[in-house]
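Step one of this worksheet: look at the structure below.
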Amino acid sequence: MNEPDVLSRNMDALKELQRVGWRQLADPALTIFERREIRNEIKQSEAELRSCLEVMSDRSWFQERPAQDDAAAGFRKVEFRLLGGIQAACRELAITDI
């Protein structure tokens with residue numbers, strides 16, 4: 001199993017922990033101490049989830065892309081308006097040396 005899979009599983013487990021915690025907080029039979037403990041667990045899981053999201057974001061930001069894809073994408077965006085404009089202007093002026 002590779003690291004992104006482990007990270008995704010950790011994130012899923014933290015999300016589930018938060019869902020269960022919020023459901024438990026809705027129970028009116030909880031004592032003040034139990035509510036405080038559940039809220040602390042939710043806060044801790046939230047902090048861990050944020051750090052996992054940051055790691056995932058950093059990995060996607062610095063993910064290497066194949067050089068061929070980047071080069072091809074750059075060439076697709078090139079527009080030759082300048083040359084087209086010069087050639088059209090030369091035709092209007094009847095210049096044939098270009």
Next item on the list: Identify which one of Glu54, Lys15, Gln44 satisfies the side-chain contact (heavy atoms from CB on, under 4.5 Å) criterion when paired with Leu49.
Entry: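 By the side-chain contact (heavy atoms from CB on, under 4.5 Å) criterion, Leu49 pairs with just one of Glu54, Lys15, Gln44: Lys15.
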To the closest 0.5 Å, what do you measure between [atom1] ([X]) and [atom2] ([Y])?
X     : Y     : atom1 : atom2 : result
Arg19 : Ser45 : CZ    : OG    : 11.0 Å
Met11 : Leu7  : CE    : CG    : 6.0 Å
Met56 : Ser51 : CE    : OG    : 11.5 Å
Glu37 : Ile32 : CD    : CD1   : 13.0 Å

- Message: Please find the pair of heavy atoms, one from Ile38 and one from Gly21, that lie closest to each other, and give the distance.
- Response: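 Scanning both residues, the minimum pair turns out to be CG2-O, 3.4 Å.
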Quick one: does any side-chain atom of Ser57 pair with a main-chain N or O of Leu53 as donor and acceptor, under 3.5 Å?
no
*Should Leu30 and Trp22 be counted in the same cluster of Ile, Leu, Val, Met, Phe, Trp and Tyr side chains packed under 4.5 Å apart?*
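Leu30 clusters together with Trp22.
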Practice task
Inspect the contact between Glu46 and Lys43 and indicate whether a charged nitrogen and a carboxylate oxygen are less than 4.0 angstrom apart.
Solution key: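 Judged by the 4.0 Å cut-off on N to carboxylate O distance, Lys43 and Glu46 do not form a salt bridge.
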| query | Should the heavy atoms of other residues, nucleotides or ligands under 6.0 Å from CZ of Arg35 be counted, would the total exceed 12? | reply |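 Atom CZ in Arg35 is crowded, with more than 12 foreign heavy atoms closer than 6.0 Å.
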